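Data first, discussion second: the structure below is written as structure tokens.
Labels below follow one simple rule: chain letters A, B, ... track the order of the sequence lines, proteins then strands, and each chain is numbered from 1. Fair warning: this is a prediction, and the values are worked out from it, not measured in the lab.
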Amino acid sequence: MSDETLTLTLPDGSAREVPRGTLPREVVASIGPRLLRDAIAVTVNGAVQDLMTPLRAGGAFRVLTPKDPESLAVLRHSGAHILATAVRRLRPDAHIGFGPAIDDGFYYDFEVDRPFTPEDLEAFEAEMRKVVAEKFPFIRDEVDREEAKRRFADDPLKLERIADLGDSEVISTYTDGPFIDLCRGPHVPDTSYLRHFKLLHTAGAYWRGDERRQMLQRIYATAWWSQEDLAAYLHRIEEAKRRDHRVLGKALDLFFFHHVSPGAAFWTERGTIVYNELVRFIREKQAERFIEVKTPLLFGRALWEQSGHWGKYRENMFLVHNSETNEQDMSLKPMNCPSHYLLYLAKKHSYRELPRRLVTFDVLHRNELTGALSGLTRVRQFSQDDCHVFLAPSQITAEVRFLMDFIMSYYRAFGLEPSLRFATRPPTRIGTDAMWDEAESALRQALESTGQAYELKPGDGAFYGPKIDFDVTDSLGRAWQLGTIQLDYNAPERFDLQYVGEDNAMHRPVVIHRAVSGSLERFIAILIEHFAGAFPVWLAPEQVRVLPISDDLAPQAGEIVARMKAAGIRADLDAHDTLNYRIREAEIMKVPYMAVVGRREAEAGTVAVRTRGAGKKQDIVPVSDFIARVRTEIAERVLGP
RNA sequence: GCCGGCGUAGCUCAGCGGUAGAGCAUCGGUUUUGUAAACCGAGGGUCGCAGGUUCAAUCCCUGCCGCCGGCUCCA
């Protein structure tokens, strides 16, 4: 180590000169003993490192305390080591895999002969508390490759990782008490820092996510700086379960699944209303500038060979027996694109017709792995609001801009806030760089003109073109892709798509794949969770429930229901039990409005309106006014009540 | 597909070797209700399916089917 001097710049602008190799904790101590007590780690030029790692470079120097968000990841990563420490004590045979910090906690993967049980988990957690109480310091050690191999001679997974490390990489190990791990760090100073944590569940996980490799046992856990944060997190999970579309779908009687057709929903009367209202809304929005079409559900293999799906997508397609050839060479379509191309090809097109936007709601089937199916978010049968735009290359910028606006205004109608991802050219791709330059800049310009923040995903585009994806997260924080805008230069070639240009010569159009909801099934799942089942009036299966206070008022209440129905409102009469009981039922079913009819109201021609979720507060209004108000809310598709 | 957990009345769940129970829902009756559960009574289950062990299986074992949590946010 040289006697070189490093310059550290503190957040207050002051600078410190320290010899290279100084420990950050010495620097922190020199700033103040109080700070040292709170310090978890430091950042040098933004890179987090722990207090015991010698400083190699100077630059912007910041001390992380529990107040800094980055410090949580450090704590959690240390939590993973503490978990492994405990597991190794109780199951010395366990080989260790990886144990990173994740969004709300951490996990660690182990290779064991006998999978972990829920009881094992309790034992591990108790053992972890002992390790925490033992206050083992995390000791970093930098070693050469041979030494690393010696230290992990009994851990084949670690040896594999070591073998993958490049020659220039620093190999470091961290030790806490009896446990040593190959690890880059950083870590908290000692094990006592992990105080508020909980092991959550186990799961199988393939080594390195590769289904050809062995399955490891993963333990998921959460960890926080304070008891309040931990409690809040656990509470958040409980709340999320209450919003779970699978739970609400059953409670609100919207849809269900049956083992005779895994991954295909049965939509009940109420659910079908939601579904159809959604489709109606999309149709209205698309009415002017899109062309709706329908195509077959079943196709012979020739189409899939032309599109390229037969080769690599066949195992995801439901194959159907062809009675003529006696072969399994027909398939339920897994996507609409090829059939839209055929529709386009059925006629000759002029440049004057472009962009030509074909949309469809046809049913699609994809044979997903059984283990991947989950509620409405992962199904085998679904519909997309699928659109393929055929356009001239010169129209790309304007078209992408148009589609962006369309998609964003659609989400806004539900109060959804998607996150955007812009995926650019992958290493293996078709087409010229000039083509990609143009496509990417068109997408980027359209994206930036909206003012929306977006995440850049370099190299994540499809081989046939760049794309913009629109994601939202469900109640459990899992991200789902809804909309997408994908430029495609490949399909027009494969299907020999053409249009007659101004010059009377044939030209190659570009295709844009566009979905807004993505899968309607999944979108409804997202909506259920987003609204916690309390749909805005226009989407609600039942919009008004009319409640006569006593039986003898049922005829008058029935008349009000009839008037509402005639006005296009989904209203129902409920006279079957006590008023309190019926109000409770209507609240539980999340009916937006309850219209209570008592003697006073019947005589005055009014209803006492109770709004979902608003409690006792009532609003006495003439029936006609109430009808007009609800009609307006429906027509304008306002969010709420 | 793979690993783990689970599958009992329409729903939520208890029971776990001696052929089943609660609450809610449903049905019948009483009550006629002013803003989140009136009262009484009744009906309802080849305990996911198929084998096996046992004198005896919802309960134990095996296999299927389905559902749930996951399956690199890299040492």
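At the heavy-atom level, A:Arg218 lies under 4.0 Å from the strands shown only through sugar-phosphate atoms. Looking at heavy-atom distances under 4.0 Å, A:Thr117 makes no contact with the nucleic acid at all. Looking at heavy-atom distances under 4.0 Å, A:Ala372 makes contact with a base. Nucleic acid contact for A:Gly613: none, since no nucleic acid atom lies under 4.0 Å from a heavy atom of the residue. Nucleic acid contact class of A:Ala608 (heavy atoms, under 4.0 Å, all strands): base. Using a 4.0 Å heavy-atom distance criterion, A:Phe257 is classed as making no nucleic acid contact. Counting non-hydrogen atoms under 4.0 angstrom, A:Glu585 reaches nothing in the nucleic acid. Residue A:Val609 is classed as having no contact, given no heavy-atom separation below 4.0 Å to the nucleic acid. When heavy atoms are screened at a 4.0 angstrom cut-off, A:Glu587 is found touching base atoms of the nucleic acid. If you check every strand for non-hydrogen atoms under 4.0 Å, A:Ala205 touches sugar and phosphate atoms only. Across all strands, A:Tyr174 comes closer than 4.0 Å to no nucleic acid atom at all (heavy-atom distances). A:Asn580 comes within contact range of the sugar-phosphate backbone alone, with a heavy-atom separation under 4.0 Å but no base atom that close. Note on A:Glu601: a base of the nucleic acid sits closer than 4.0 angstrom, heavy atoms only. Residue A:Arg582 is classed as having no contact, given no heavy-atom separation below 4.0 Å to the nucleic acid.
B:G5 atom P lies 14 Å from atom CE of A:Met215, rounded to whole Å. For A:Lys149 and B:A75, the NZ to P distance is 20 Å, given to the nearest whole Å. If you measure from atom CD of A:Glu269 to atom P of B:G10, you get 21 Å, rounded to the nearest angstrom. With rounding to whole Å, A:Arg584 atom CZ is found 9 Å from B:A25 atom P. Going from atom NE2 of A:His576 over to atom P of B:U30 covers 17 Å, rounded to whole Å. Taking atom CZ of A:Phe266 as the reference point, atom P of B:C67 lies 12 Å away to the nearest angstrom.
For the pair A:Lys616 and B:G34, the criterion of a side-chain N or O lying under 4.0 Å from OP1 or OP2 is not met. Between A:Tyr581 and B:C24 there is no side-chain polar atom (N or O) within less than 4.0 angstrom of OP1 or OP2. At least one side-chain nitrogen or oxygen of A:Arg246 sits closer than 4.0 Å to the OP1 or OP2 atom of B:G69. OP1 or OP2 of B:A36 has at least one side-chain nitrogen or oxygen of A:Arg610 nearer than 4.0 Å. For the OP1/OP2 pair of B:A38 and a distance below 4.0 Å, the side-chain nitrogens and oxygens of A:Thr578 include at least one atom meeting the criterion. Put simply, A:Thr202 has no side-chain N or O that comes within less than 4.0 Å of OP1 or OP2 on B:C3.
Judged by Watson-Crick or G-U wobble contacts below 3.5 Å, the nucleotide B:A36 has no partner. Under the Watson-Crick or G-U wobble criterion, with both distances below 3.5 Å, B:C60 is paired with B:G52. B:G41 and B:C27 make up a base pair, with Watson-Crick or G-U wobble contacts both under 3.5 Å. Under the Watson-Crick and G-U wobble criteria, each requiring two contacts below 3.5 Å, nucleotide B:G69 is paired to B:C3.
Between A:Glu238 and A:Lys241 there is a salt bridge, with a side-chain nitrogen of the basic residue lying less than 4.0 Å from a carboxylate oxygen of the acidic one. The residues A:Glu587 and A:Arg610 are annotated as salt-bridged, a charged nitrogen and a carboxylate oxygen being separated by less than 4.0 angstrom.
Using atom P as the reference point in both B:U58 and B:C16, the two lie 15 Å apart (nearest Å).
Checked by atom type, the side-chain pair A:Asp176/A:Thr191 shows no donor-acceptor distance below 3.5 Å. Checking A:Asn367 against A:His365 by side-chain atom types alone, no donor-acceptor pair falls below 3.5 Å. For A:Asp552 and A:Ser550, the side-chain atoms include at least one donor-acceptor pair closer than 3.5 Å.
Between A:Phe136 and A:Phe179, a ring centre-to-centre spacing not shorter than 6.0 Å is recorded.
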